[in-house]
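Reading through the structure tokens given below for one structure.
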Amino acid sequence: MNNYFYITTPIYYVNDKPHIGHAYTTILADVLTRYNRNIGRKTFFLTGLDEHGQKVQQAAEENGIDPQEHCNQMAPRFKELWQKLHISNDDFIRTTEDRHKKVVKDFLQIVMDNGDIYESEYEGLYSVSEERFITEKEAESGEFRDIKKLKEKNYFFKMSKYQDALISHIESNPKFIQPEHRKNEILGFLRQPLNDLCISRPKSRLNWGIELPFDKDYVTYVWFDALINYITALEFNQGTELFESWWPASYHLIGKDILTTHAVYWPTMLLSAGIKLPDSIFAHGWWLMGESKMSKSLGNVINPMDLIDDYGVDPVRYYLMREMVLGQDSNFTMGSFIQRYNSDLANDFGNLLSRVTTLIKKNYDGKIPEPGEYLESDLQIRLKGESLSSKVEMLIGEMRLNEAIEDIMQYIRTVNKYMEDNAPWKLVKEDKVAAGRILYVAGEALRLGAVLLSPVMPHRTGILLDALNALNTNTSWGNLNPNSMLKDHEPLFPRIK
RNA sequence: GGCGGAGUAGCUCAGCUGGUUAGAGCACCGGAAUCAUAAUCCGGGUGUCGGGAGUUCAAGUCUCUCCUCCGCUACCA
């Protein structure tokens, strides 16, 4: 296995306010990063902001401020949200930073030098009000005003030249576009001849962008600029080692709405520049808000961000990761959130911690008892715990996070049953050594479960591990230290009434 | 229109190359227990596996067809 794990989220467009979609992708990246870090890989996690383009320029004009000032006002909103969600990104890139402009210009020059950029006149229908070219169909729709025919010189990237190379790469690398149905979509799309990509905008029309290195009158098309962020952060072509170490990316996580730009534009750009393609582009689905549409009059509007204030970050992270089958859409409902929280987190997981620690405090002066010699039932718990770790690793490698989480919870349920079967609260009256062994095994199993869940819920599992005096991410059996003192803790996940 | 998904218990989903009485979690009903956040444990499913037809000793699993939903894509005269 490659020991370097480089993962990215899309860079989010500064005109959107941060919403559940942004939060979901970023939490997913964070969970994968933390998991890979836990199992000993070197990780680099990049997120950031896309700050160029027409909509930013317009929004700034409406507010009567400079576009850069507009971006500077928006950026903290995202950064603060990531802090609030306990996102452990290694870098936060903004496309208006000098480091990015430098790499974009280098990249454009390389592609130009390879002969893959040419000038051409484009003639088409242009909507002055919308400030963009529109198709004939759009013109007929009547939704656009001030339409005129416009002829404009622009620069084009020879995307079509790489069509065949891209198709064969997709076909020979099954994991390149995931999930599989997205791969099929792209292959279907590539059955048509690919057009070349217009990668410039004349400054007369739009000047909020990165100037082309070979023509001062033009700026770079925003997507061409934005995609390059993934290598900017690695200091591509800047004479450092960073790029060599981390590229190609393990995952570009994206929403399904930006699949074409990532699975077609970006790879052909890389092919032209002679750069390796990323290992995997993974498109996830969307969160839908309930079976019925949200409606203010029905009063069923939920802002998932508010849940964080009410119930904490970790339960929200848990819910999002547990509930979505990666690649499919999911429904977000308050009912399913509460159900999930109470049954998994409060009843099974949090309550198990309370059972174990209370018994140890009452009967062993708060000191973790000695495990002694295992009997069959104890050994079963140990063996299941050991196979759990490898199973979770396999499932996460296949991006089946919901199943990995379910398997961990299944294990927690098994431990609850083990407690019931062995009833240490009774046993302690007859055989204090045997009861101590049961509590050690249950505590150790709980510790193991918490370590495996820590990428999803870093904060609460930290409290648990600290209470058990075992703050580390070791998944091998026996890391609970006999005779060490338990620390007091509040109920880990108080039931929602 | 073309291509590709999907339709399995009330809900969310597993079911690999066809093979014992079709599974899990949650919800629901009954019981046990009382260490614990009234949490836990045990028991309980009469599900037309979207409809129909076919192949086979045997189909949720393969073939055909129809219905419904979704995604991508193309639009004729």
Side-chain angles (χ1 to χ4, degrees), chain A residues 135-137 140 177-195 255-260 263-264 283-288 290-291 311 315 319-333 335-364 369 395 398 400-429 432 435-436 438-439 442-443 446 460 463-464 467 489-497:
Chain A
T135 64
E136 290 198 15
K137 211 178 164 187
E140 285 164 17
I177 301 171
Q178 296 189 76
E180 195 168 359
H181 66 275
R182 298 295 168 200
K183 178 183 87 176
N184 294 336
E185 258 177 46
I186 292 298
L187 284 173
F189 178 77
L190 288 171
R191 276 204 287 272
Q192 316 290 329
L194 205 50
N195 290 320
K256 62 182 182 179
D257 50 324
I258 52 175
L259 182 63
T260 308
V264 178
H284 63 71
W286 286 338
W287 281 99
L288 309 174
E291 304 84 33
Y311 307 109
Y319 175 82
L320 294 178
M321 294 300 113
R322 172 62 186 80
E323 208 70 9
M324 185 175 270
V325 177
L326 260 166
Q328 298 179 22
D329 291 346
S330 288
N331 271 310
F332 190 109
T333 66
S336 67
F337 174 80
I338 291 173
Q339 209 169 74
R340 205 39 100 179
Y341 177 103
N342 278 340
S343 73
D344 290 6
L345 299 179
N347 297 355
D348 290 341
F349 190 57
N351 184 48
L352 178 59
L353 175 67
S354 297
R355 312 176 78 169
V356 171
T357 55
T358 304
L359 284 165
I360 292 177
K361 280 176 197 160
K362 278 188 186 171
N363 299 294
Y364 299 87
L395 288 171
E398 293 180 3
R400 291 154 67 188
L401 298 206
N402 60 318
E403 291 178 57
I405 293 169
E406 175 56 21
D407 277 9
I408 299 167
M409 290 315 302
Q410 196 71 255
Y411 183 59
I412 296 298
R413 286 181 210 114
T414 306
V415 180
N416 269 317
K417 179 174 161 52
Y418 166 82
M419 288 284 283
E420 213 67 32
D421 291 346
N422 292 286
W425 50 93
K426 276 188 201 161
L427 189 59
V428 72
K429 292 167 192 160
K432 201 168 176 183
I438 306 299
L439 291 173
L446 188 56
R460 302 282 178 105
I463 294 173
L464 185 154
H489 64 91
E490 298 292 309
L492 205 55
F493 297 100
R495 262 182 82 82
I496 302 173
K497 295 192 179 69

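Lettering follows sequence order; numbering is per chain, from 1.
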Q: Kindly say if A:Lys417 contacts the phosphate of B:rC42, meaning a side-chain N or O under 4.0 Å from OP1 or OP2.
A: yes

Q. Just the dot-bracket of RNA chain B, please: which string comes out with Watson-Crick or G-U pairs under 3.5 Å, [ ] for crossing, | for another strand?
A. (((((((..((((.....[...)))).(((((.......))))).....(((((..]....))))))))))))....

Q. Should the ring pair A:Phe332 and A:Trp287 be called parallel, tilted or perpendicular, given that the plane angle runs from 0 to 90° and is split at 30 and 60?
A. perpendicular

Q.
Counting only side-chain nitrogens and oxygens, does A:Gln328 get under 4.0 Å of the OP1 or OP2 atom of B:rC13?
A. yes

Q) Is A:Arg413 salt-bridged to A:Glu406, cutoff N-O under 4.0 Å? A) yes

Q | Spacing of A:Leu194 atom CG relative to B:rA74 atom P, expressed in whole Å | A | 12 Å

Q) Please walk me through it: do A:Asn351 and A:Arg495 pass side-chain hydrogen bond (donor to acceptor under 3.5 Å, both in side chains)? A) CA-CA 10 Å; A:Asn351 184 48; A:Arg495 262 182 82 82; over 6 Å; no

(Q) How many whole angstroms separate atom CZ of A:Phe189 from atom P of B:rC3? (A) 19 Å

(Q) Closest-nucleotide mapping onto RNA chain B: is A:Arg400 or A:Glu490 further toward the 5' terminus? I mean the 5' end. (A) A:Arg400

(Q) On RNA chain B, does the nearest nucleotide to A:Glu403 precede the nearest nucleotide to A:Ile186 from the 5' side, or the other way round? Give the residue. (A) A:Glu403

Q: Specify the separation, in whole Å, of atom CG of A:Asp329 and atom P of B:rC69.
A: 17 Å

Q) Between A:Glu420 and A:Lys417, is the closest basic N to carboxylate O distance under 4.0 Å? A) no

Distances under 3.5 Å only, N/O to N/O: pair up the protein atoms with those of nucleotides 31-36 of chain B.
from, atom 1, to, atom 2, distance (Å)
B:rC35, O3', A:Lys362, NZ, 3.2
B:rC35, O2, A:Arg355, NE, 3.2
B:rC35, N3, A:Arg355, NE, 3.3
B:rC35, N3, A:Arg355, NH2, 2.6
B:rC35, N4, A:Arg355, NH2, 3.0
B:rA36, OP1, A:Lys362, NZ, 3.2
B:rA36, O2', A:Asn351, OD1, 2.4
B:rA36, N3, A:Asn351, ND2, 3.2
B:rA36, N3, A:Arg355, NE, 3.2

What nitrogen or oxygen pairs link the protein and nucleotides 25-27 of chain B at under 3.5 Å?
from, atom 1, to, atom 2, distance (Å)
B:rC26, O2', A:Gln339, OE1, 2.9

Q: Rounded to whole angstrom, note down the C1' distance from B:rC29 over to B:rU46.
A: 16 Å

Q | Euclidean distance, atom CG of residue A:Asn402 to atom P of B:rA24 [Å, nearest integer] | A | 18 Å

